[in-house]
Amino acid sequence: MPNDIPSVPEDNFRQRVLMSIHAIPYGKVATYGQIARLAGSSRAARQVGGILRKLPKDSSIPWYRVVNRSGNISLIGPDYTRQRTALQDEGITFNASGVIDLALYGWDPSQP
DNA sequence: CTGCTGACCCAAG
DNA sequence: CCTTGGGCCAGCA
């Protein structure tokens, strides 16, 4: 059983990824794998990052609310700082290792 | 069409 | 805890 979502195959994967990210609530974060799953391709976590890389700067999408499985920011350099600052502005805290506590700030789509 | 790439993830050791 | 190795799959040259 290879796939998760059989229907709506016409939808662009990209569009659904962006939609899923847009649904992340303020003050919460989601992982790349989580977004991939929500977009219908549970194993396309890598692609999520690829899409975000190409994202326009003036996008209304909260790209910074996406982190990797360990609760860490995958970006490097100035981009790392930009994302971290944006998250801290929403009240999200990092531990000494620069890791977000996903049990605390991880988004659970089934919870309002 | 083929091949390489990567803001990832997981299981083993 | 860390390191390896393999898998995945949408873009892009």
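Chain letters run A, B, ... following the sequence lines, proteins first and then strands; every chain starts at 1.
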Original post:
About how many Å separate OG of A:S42 and CD1 of A:I35, when rounded to the nearest 0.5 Å?
Top reply: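 Rounded to the nearest 0.5 Å, the CD1-OG separation comes out at 13.5 Å.
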Original post:
Hey, can you pull the residues of residues 77-85 of chain A with a non-hydrogen atom under 4.0 angstrom from DNA chain B?
Top reply: none
Subject >> Smallest separation among heavy atoms of A:R84 and A:F94, with atom names >> reply: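 For A:R84 and A:F94, the tightest heavy-atom pair comes out as NH2-CB, 3.6 Å.
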Original post:
Would one find a side-chain N or O of A:S74 under 4.0 angstrom from OP1 or OP2 of B:dC8?
Top reply: yes
Calculate the interatomic distance between [X] atom [atom1] and [N] atom [atom2]; express it in whole Å.
X: A:Q34; N: C:dC8; atom1: CD; atom2: C1'; result: 18 Å
X: A:I100; N: B:dA7; atom1: CD1; atom2: P; result: 18 Å
X: A:R37; N: B:dC10; atom1: CZ; atom2: C1'; result: 12 Å

Original post:
Residues two or more places apart in sequence or in another chain: which of them pass side chain to side chain donor-acceptor pair (under 3.5 Å) with A:S70?
Top reply: A:N68
Please enumerate all protein N or O atoms sitting under 3.5 Å from an N or O of nucleotides 10-13 of chain C, with distances to 0.1 Å.
unit_1, atom_1, unit_2, atom_2, d
C:dA10, N3, A:Q47, OE1, 2.9

**OP:** Going by the side chain to side chain contact (heavy atoms under 4.5 Å, CB included) test, name the single residue among A:T31, A:I24, A:I61, A:V17 that passes it with A:V66.
**Re:**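 Single pass found, and it is A:I24.
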**OP:** Would you sort out whether A:I92 and A:L104 count as a side-chain contact (heavy atoms from CB on, under 4.5 Å), showing the intermediate values?
**Re:** CA-CA 9 Å; A:I92 295 175; A:L104 196 57; over 6 Å; no
Original post:
Would you say the side-chain atoms of A:S59 pair up with the backbone N or O of A:L55, donor to acceptor, closer than 3.5 Å?
Top reply: no
**OP:** Produce a footprint string for nucleotides 2-7 of chain C: one letter per nucleotide, 5' end first; B if the base is under 4.0 Å from any protein heavy atom, S if only the sugar-phosphate is, - if neither.
**Re:** -----B
**OP:** Identify, with sequence neighbours excluded, every residue that meets salt bridge (Lys or Arg N to Asp or Glu O under 4.0 Å) alongside A:D101.
**Re:**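 A:D101: no salt bridge (Lys or Arg N to Asp or Glu O under 4.0 Å) contacts found.
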Original post:
Under 4.0 angstrom, heavy atoms only, what part of the nucleic acid is A:G50 near: base, sugar-phosphate, or nothing?
Top reply: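 If one applies the 4.0 Å heavy-atom cut-off, A:G50 turns out to touch nothing in the nucleic acid.
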Subject >> A:R69 CZ: over 12 foreign heavy atoms closer than 6.0 Å >> reply: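 No, CZ of A:R69 has 12 or fewer neighbouring heavy atoms, counting only those of other groups under 6.0 Å.
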Between the protein and nucleotides 11-13 of chain B, which nitrogen or oxygen pairs come in under 3.5 angstrom?
none

